[in-house]
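Just so you know, residue 1 is the first one in the sequence shown, and it goes up from there.
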Amino acid sequence: MAKSNLLHILLAATLIVITCAASAGPPAKLARMFDPEMIDADVAYFEQVAGLPRRTFENTKSYKVDGCEVVATIARGAVRSLQLELGQDCTFDLNKFLPNYSGKFPPPHMMTVGQFDAITNRTGHFYSDCIHACGNAVDPSVVEHWIGSRADGFVEIMLEVVMRNDRAINAAFAWYDAMEEVEGKEWVVNEQWNCTRKHDATASRAFKDVGITSITIGYDVWAQELRRLTGPLFCKR
C-alpha cells in the first residue's frame, strides 16, 4: 500500500514538472516587444515579434499584441518609442529600461502617478491640452513627461491619465482649481499651465492616487506628443 502511494506521489510530481516545463516556453510577445533592445531596432526586426501592423499613420504603427494595443513611433526605419494601453494583461517590466532604479517600479498597470513620482523624486513635468470644458470629441487627458539620467540612457517616459473615471476627473479639477486660485481665471482658460513648471508639484499631489491609462517609453517621446497637442495656446518647452 505504501509503495502504491509513493508511486502515485512520484507520478504526480513528474506530471507537475512536465507541465511547468511545457508552460515556461518562450516569453510572451508583449514582454519581448517591451525590452530595451527593441528601442532603435529596425522595424523589420521588431515586426518579427510584433507581426504586421494593423494600421500605419504618418510616423506611427499600431499593433494588436496578446490582446493589447501597442503603438510604435518610427524614425528613419527604426523604432524610437513604444506606447502601451495598460490593463491587467497589458503590462511589462519597466525596471528593465531603468537599471539605475534597482527594481523599484511596480508593474505599470498597477502603478499610480504618486508611486512613479516618489521613485523619480518628483522630477516629471505635467501637461494637458484641456482639463476643463473640453467638449465631447475626445476624452481629455493629462500627461507627465520624465527623462532619465545618463545612467539610464536619458530614456524618456510619458504617463497618460485619461479622464474616464471620477478619481481622474476629480484630480484634474483639483489641479485646475488650485491654479485658478493662484493665477486667476483667464490664466487657466488660456491653458498657461503648459508654459510654466511652477504647478507641477500641485499636479503631482492631485494625481497622487490615480492610476495610469497608458505609458510611452523610448526617445523623441515629447517631440511626438507635441504633434498631437496642437492647441494654439499650447506652450513648447
Side-chain angles (χ1 to χ4, degrees), residues 81 83-87 91 94 98 101 104-149 152 154-218 220-237:
S81 68
Q83 180 187 51
L84 178 65
E85 294 290 322
L86 296 169
T91 190
L94 182 57
L98 300 165
Y101 286 86
K104 293 181 180 179
F105 290 96
H109 75 289
M110 299 175 62
M111 184 168 62
T112 64
V113 172
Q115 287 175 312
F116 181 86
D117 288 351
I119 295 168
T120 58
N121 199 29
R122 294 172 176 82
T123 50
H125 296 161
F126 289 81
Y127 302 88
S128 177
D129 51 353
C130 182
I131 54 177
H132 188 272
C134 302
N136 298 319
V138 294
D139 289 325
S141 65
V142 171
V143 300
E144 179 179 6
H145 180 244
W146 177 85
I147 303 177
S149 68
D152 291 305
F154 300 113
V155 69
E156 295 178 60
I157 292 176
M158 189 171 70
L159 313 179
E160 182 178 21
V161 175
V162 178
M163 286 174 258
R164 294 178 183 151
N165 58 58
D166 289 344
R167 180 169 287 184
I169 292 169
N170 291 338
F173 284 177
W175 184 32
Y176 186 97
D177 291 343
M179 291 188 291
E180 183 178 26
E181 184 176 350
V182 174
E183 308 289 354
K185 189 172 185 63
E186 183 178 357
W187 189 92
V188 292
V189 167
N190 289 333
E191 302 176 1
Q192 293 299 295
W193 61 78
N194 292 313
C195 307
T196 176
R197 307 279 43 92
K198 67 179 180 177
H199 294 291
D200 285 337
T202 307
S204 179
R205 288 191 296 271
F207 285 89
K208 178 176 178 292
D209 299 319
V210 179
I212 300 159
T213 308
S214 72
I215 184 169
T216 306
I217 189 160
D220 305 329
V221 172
W222 183 245
Q224 178 66 18
E225 181 66 2
L226 284 176
R227 294 168 66 93
R228 186 182 71 84
L229 298 173
T230 56
L233 295 175
F234 193 87
C235 291
K236 300 179 181 180
R237 276 192 282 179

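- Using a distance-only test at 3.5 Å, with no hydrogens or angles considered, a donor-acceptor pair links the side chain of R167 to the main chain of D209.
- When all heavy atoms of A171 and A206 are compared, the closest pair comes out as CB-O, 3.2 Å.
- Side chain of S128 to main chain of S141: a donor-acceptor pair is present (N/O by atom type, distance under 3.5 Å, no hydrogens or angles).
- A pairwise comparison of heavy atoms in I119 and K104 identifies CD1-O, 3.4 Å as the closest pair.
- Nearest heavy atom pair, residue I131 against residue F173, reads O-CE2, 3.4 Å.
- T202 places no side-chain N or O within donor-acceptor distance of the main-chain N or O of W175, the cut-off being under 3.5 Å.
- Taking all atoms of both residues into account, the shortest heavy-atom contact from V221 to I217 is CG2-C, 4.3 Å.
- Here H125 contributes atom NE2 and N194 contributes atom CG; the two are 12.5 Å apart, rounded to the nearest 0.5 Å.
- Residues Y101 and D152 meet the side-chain proximity criterion, which asks for heavy atoms closer than 4.5 Å.
- Side chain of T213 to backbone of V162: a donor-acceptor contact under 3.5 angstrom is found.
- Two rings, from H199 and W193, have their centers 6.0 Å or more apart.
- Here M110 contributes atom CE and F105 contributes atom CZ; the two are 15.5 Å apart, rounded to the nearest 0.5 Å.
- Checked by atom type and distance alone, the side chain of D200 pairs as donor or acceptor with a backbone atom of F126 at under 3.5 Å.
- Note that CE of M111 is 5.5 Å distant from CG of L159, once rounded to the nearest 0.5 Å.
- Checking side-chain atoms of R122 against main-chain N and O of F116 turns up no donor-acceptor pair under 3.5 Å.
- Shortest non-hydrogen contact noted between Q115 and T112 is OE1-N, 2.9 Å.
- Counting heavy atoms from C-beta on, the side chains of T216 and Q224 never come closer than 4.5 Å.
- For the atom pair CE (M163) and CG (N170), the distance works out to 11.0 Å, reported to the nearest 0.5 Å.
- The distance from the CD atom of E225 to the CE atom of M158 is 4.0 Å, given to the nearest 0.5 Å.
- No donor-acceptor pair under 3.5 Å is formed between the side chain of E156 and the backbone N or O of H145.
- Listed here is the closest heavy atom pair of G218 and V155: O-CG2, 3.6 Å.
- Here CG of L94 is found 13.0 Å from NE2 of H109. Values are rounded to the nearest 0.5 Å.
- When atom types are taken as modelled, the side chain of N165 and the backbone of A168 share a donor-acceptor pair closer than 3.5 angstrom.
- Between V142 and V210 the shortest side-chain heavy-atom distance does not fall below 4.5 Å.
- The shortest side-chain heavy-atom distance between N190 and E186 falls under the 4.5 Å cut-off.
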